[in-house]
Visitor: 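Right, I'll just put the structure down here and ask away after.
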Amino acid sequence: MDIVKIGLLGCGVVGSGVVKQLLRNQDEIAMNTGCRFEIKRILVRDLNKQRSLDLPREIFTDQAEDILNDPEIQIVVELMGGIEPAKNYILAAFAKGKNVVTANKDVLAAHGQEIFAAAAEYEKDIRFEASVAGGIPIIQPLKESLAGNRIKRVLGIVNGTTNYILTKMSMEGKDFAEALTEAQELGYAEADPSADVDGLDAARKIAILASIAFRTRVSFDQVYVEGIRNISTLDIAYAKELGYTIKLLGVAQEVDGEVDVRVHPVLIPDRHPLASVNDVYNAVFVEGDAVGQTMFFGPGAGEFPTASSVVGDIMAVGKHVRLGITGRLTGCTCYYHKHIRSIGRLNCSYYLRLLVQDQPGVLAKIAGVLAEHQVSIASVLQKRTLAHLAEIVIVTHQVIEADFRAAMAEIRDLPPVDKVDSVIRVESGE
Ligand code: NAP
Ligand code: HSE
């Protein structure tokens, strides 16, 4: 049986899972692929760190060249994370005739074009299933199983940490700070949680999904991003009363030949399948012209779920190595150069919560400004008064975001308006 030698760049949470999974299921993996995978070297930063792996010490190295310059290694598995040196190592791996499997959304969302061009130039495979939604198969299904569809829309809960925080706020009434602390204590959120709670992690993932779904390169810096720091338990309670759940969504859709791609909190109808995706789970909802609506659900992170995707990629590349067909089947699918639609052109409904003077005519004034900007009101709630202030919640019909923003700028300046506390987009679910 053919032996395919692997070099791992990184052996942390995901790398350890990959090593254990390759060893645990080695016979099944060999039967499926027709080759045995041998982990030849593993790059780590700290050679003295204790590792719970049944491997000889000599396998570990702190010199990337030990892997990149080893002619026997045919697959480099990059599980270090971050942009550099990961990007240079990936490019060097192709130049040295190696195939690459990676879980690194940071580098793909920022430098995908360069990486795919290098894979094509050297006729090598690049696979990255684990880079979006950890253990959920979504990259290959979009690239292969759904390839016959024209994809209309992709909606994703692609960040487990923020989904956990919003779930705790919604189900247990915890405020944002409490829920974040709990997520940190459980190891979901980093000590610096900004990549998760400010939506950056989700933006990287939706950039990758949008690139595949709409067959055009979308990079991280083209994604409009808002995080969840300003979501309050009050908004969650009002949303519930109106029949919605608040989720942080990555949204990508094609509108008039342009790509609308964004990450922000959304009020999603309770009946929508994404509304019941809770805790750290992820889900990606895809609408295609043939398949209709379909949802991919599962664990978006963690040692073994993520290793599941990485090992699947290693096996696919191993088969191509064995058959001598690397670089032929897994190339870049960004055939078009579609324009990215600006957020101002979004057509959407909005939820807004504001505090106003509790006086006659105030609501009429606000409605008047909204009407001047073609913003039509779908519903209004007034439940609480705080001293002399009334709290009003308005949900609009669909409007152009630029018109809505112009209306809000005027409303903020109206004398009876004390404060606009929240503005959140509403996903119709249609
Ligand atoms: P991690 O636990 O921090 O592990 C990183 C590994 O890379 C460690 O072994 C570290 O060495 C090594 N490393 C980092 N920088 C290095 C450098 N400059 N030189 C040599 N070695 C270096 O990270 P992880 O959670 O496994 O994540 C790995 C990748 O998977 C990232 O791209 C991440 O976004 C992606 N991912 C992770 C998850 C998840 O659940 N964790 C899910 C989906 C995707 P030491 O061990 O010596 O520190
Ligand atoms: N930090 C990510 C999340 C997992 O919370 O979903 C790694 O992509």
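The figures that follow rest on heavy atoms only: side chains count, while hydrogens, waters and symmetry mates do not. Remember, it's 1-based here, ligands and their atoms both numbered in the order they're listed. Quantities reported herein were computed from a predicted structural model and do not represent experimental measurements.
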Visitor: Do ligand 1 and G302 have nitrogen or oxygen atoms that lie under 3.5 Å from each other?
Guide: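 Between G302 and ligand 1 (N or O atoms, distance only) the closest approach is under 3.5 Å.
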Visitor: Are any of the side-chain nitrogens in D125 or R127 under 4.0 Å away from the carboxylate oxygens of its partner?
Guide: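 Judged by the 4.0 Å cut-off on N to carboxylate O distance, D125 and R127 do not form a salt bridge.
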Visitor: Check whether any N or O atom of E303, backbone or side chain, sits under 3.5 Å from an N or O atom of ligand 1, and answer yes or no.
Guide: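 No; every N/O pair is 3.5 Å or more apart.
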Visitor: At what distance is the nearest protein heavy atom to atom 46 (O) of ligand 1, and which residue and atom is it?
Guide: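 For atom 46 (O) of ligand 1, the nearest protein heavy atom comes out as R51 NH1, 2.8 Å.
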Visitor: So which of L47, I42, D46 gets nearest to atom 47 (O) of ligand 1, if we judge by its closest heavy atom?
Guide: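 Checking each option, the heavy atom nearest atom 47 (O) of ligand 1 is found in D46.
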Visitor: Are the side chains of Y351 and D235 in touch, meaning some heavy atoms are under 4.5 Å apart?
Guide: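 Yes, side chains in contact.
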Visitor: Which of the numbered atoms in ligand 2 are under 4.0 angstrom from any heavy atom belonging to A301?
Guide: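 Those atoms are 4 (C).
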Visitor: Find out whether D201 and K105 are in side-chain contact, i.e. whether some heavy atom of one side chain is under 4.5 Å from a heavy atom of the other.
Guide: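 Yes, close enough: below the 4.5 Å cut-off.
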Visitor: Would the distance check show the side chain of T396 and the main-chain N or O of Y350 forming a donor-acceptor pair, the cut-off being under 3.5 Å?
Guide: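 At least one qualifying donor-acceptor pair exists.
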Visitor: Do E391 and K383 sit within salt-bridge range, that is, some charged N less than 4.0 Å from a carboxylate O?
Guide: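 Answer for the salt bridge query: no.
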Visitor: Any N/O of A301 closer than 3.5 Å to an N/O of ligand 1?
Guide: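 No: no nitrogen or oxygen of A301 is under 3.5 Å from one in ligand 1.
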Visitor: Between N278 and K168, do the side chains contain an N or O donor and an N or O acceptor separated by less than 3.5 Å?
Guide: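 Judged by distance alone, the side chains do not pair up.
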Visitor: Using a strict 4.0 Å cut-off to heavy atoms of D201, name the atoms of ligand 2 that fall inside it.
Guide: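 It comes down to these atoms of ligand 2: 2 (C), 8 (O).
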Visitor: Could you list which atoms of ligand 2 come closer than 4.0 Å to a heavy atom of K105?
Guide: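 Counting from 1, the qualifying ligand atoms are 7 (C), 8 (O).
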Visitor: Just to confirm my output: which protein heavy-atom neighbour is closest to atom 25 (O) of ligand 1, and how far is it?
Guide: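 Result: V13 CB, 3.7 Å.
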Visitor: Provide the number and element of each atom of ligand 1 under 4.0 Å from a heavy atom of G10.
Guide: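 Selected atoms, number and element: 6 (C), 7 (O), 9 (O), 12 (C).
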Visitor: Among all protein heavy atoms in this structure, tell me which lies nearest to atom 19 (N) of ligand 1, with the distance rounded to 0.1 Å.
Guide: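 Here the nearest protein heavy atom works out to M80 CE, 3.9 Å.
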Visitor: Which of the atoms in ligand 2, numbered in the order shown and given with their element, are less than 4.0 Å from a heavy-atom of G160?
Guide: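 In order of number, 3 (C), 5 (O), 6 (O).
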Visitor: Heavy atoms, side chains only, cut-off 4.5 Å: are V395 and I377 in contact?
Guide: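 Sidechains of I377 and V395: no contact.
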Visitor: Is R36 salt-bridged to D27, going by a charged N under 4.0 Å from an acidic O?
Guide: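 Yes, this pair counts.
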Visitor: Of the listed options (D196, V158, I157, V280), which comes nearest to atom 2 (C) of ligand 2 when hydrogens are ignored and any heavy atom counts?
Guide: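 Result: the heavy atom closest to atom 2 (C) of ligand 2 is in D196.
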Visitor: Looking at L43, which atoms of ligand 1 are within less than 4.0 Å of one of its heavy atoms?
Guide: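 In order of number, 20 (C).
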Visitor: I need the minimum non-hydrogen distance between E38 and I3, along with the two atoms involved.
Guide: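 Smallest interatomic distance, heavy atoms only, reads OE1-CG2, 3.8 Å.
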Visitor: Between L8, V18, V44, which one has a non-hydrogen atom sitting closest to atom 20 (C) of ligand 1?
Guide: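 Heavy atom nearest to atom 20 (C) of ligand 1 belongs to V44.
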Visitor: I'd like to know whether ligand 1 has E78 as a neighbour, heavy-atom separation below 4.0 Å.
Guide: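 No heavy atom of E78 comes that close to ligand 1.
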Visitor: For ligand 1, which is the ligand I care about here, please tell me if V14 has any N or O atom under 3.5 Å from one of the ligand's N or O atoms.
Guide: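 Such a contact does occur with ligand 1.
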Visitor: If we count only N and O atoms by modelled type, under 3.5 Å, do the side chains of E182 and Y188 hold a donor and an acceptor together?
Guide: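 Result is no, nothing qualifies.
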Visitor: Identify, by atom number and element, the atoms of ligand 1 in contact range of K105, meaning under 4.0 Å from any of its heavy atoms.
Guide: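 Once the distances to K105 are compared, the set is 34 (O).
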Visitor: So is there a nitrogen or oxygen of L9 less than 3.5 Å from a nitrogen or oxygen in ligand 1?
Guide: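 N/O-N/O distance below 3.5 Å does not exist for this pair.
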Visitor: Any heavy-atom pair between the side chains of S349 and Q398 that's under 4.5 Å?
Guide: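 Answer yes - side chains close enough.
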Visitor: Between D106 and ligand 1, does any nitrogen or oxygen pair lie at a separation below 3.5 Å?
Guide: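 No, D106 has no N/O under 3.5 Å of an N/O on ligand 1.
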Visitor: Consider salt bridge (Lys or Arg N to Asp or Glu O under 4.0 Å). Of R153, R150, K152, which one does E287 pass it with?
Guide: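 Output: one option passes, namely R153.
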Visitor: State the atoms of ligand 1, each with its element, that fall below the 4.0 Å cut-off from a heavy-atom position in L79.
Guide: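 Taking each heavy atom of L79 in turn, ligand 1 has 5 (C), 6 (C), 7 (O), 28 (C) under 4.0 Å.
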Visitor: Give me the atom names and distance for the closest heavy-atom approach of Y281 to N163.
Guide: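 Shortest heavy-atom contact: O-ND2, 3.1 Å.
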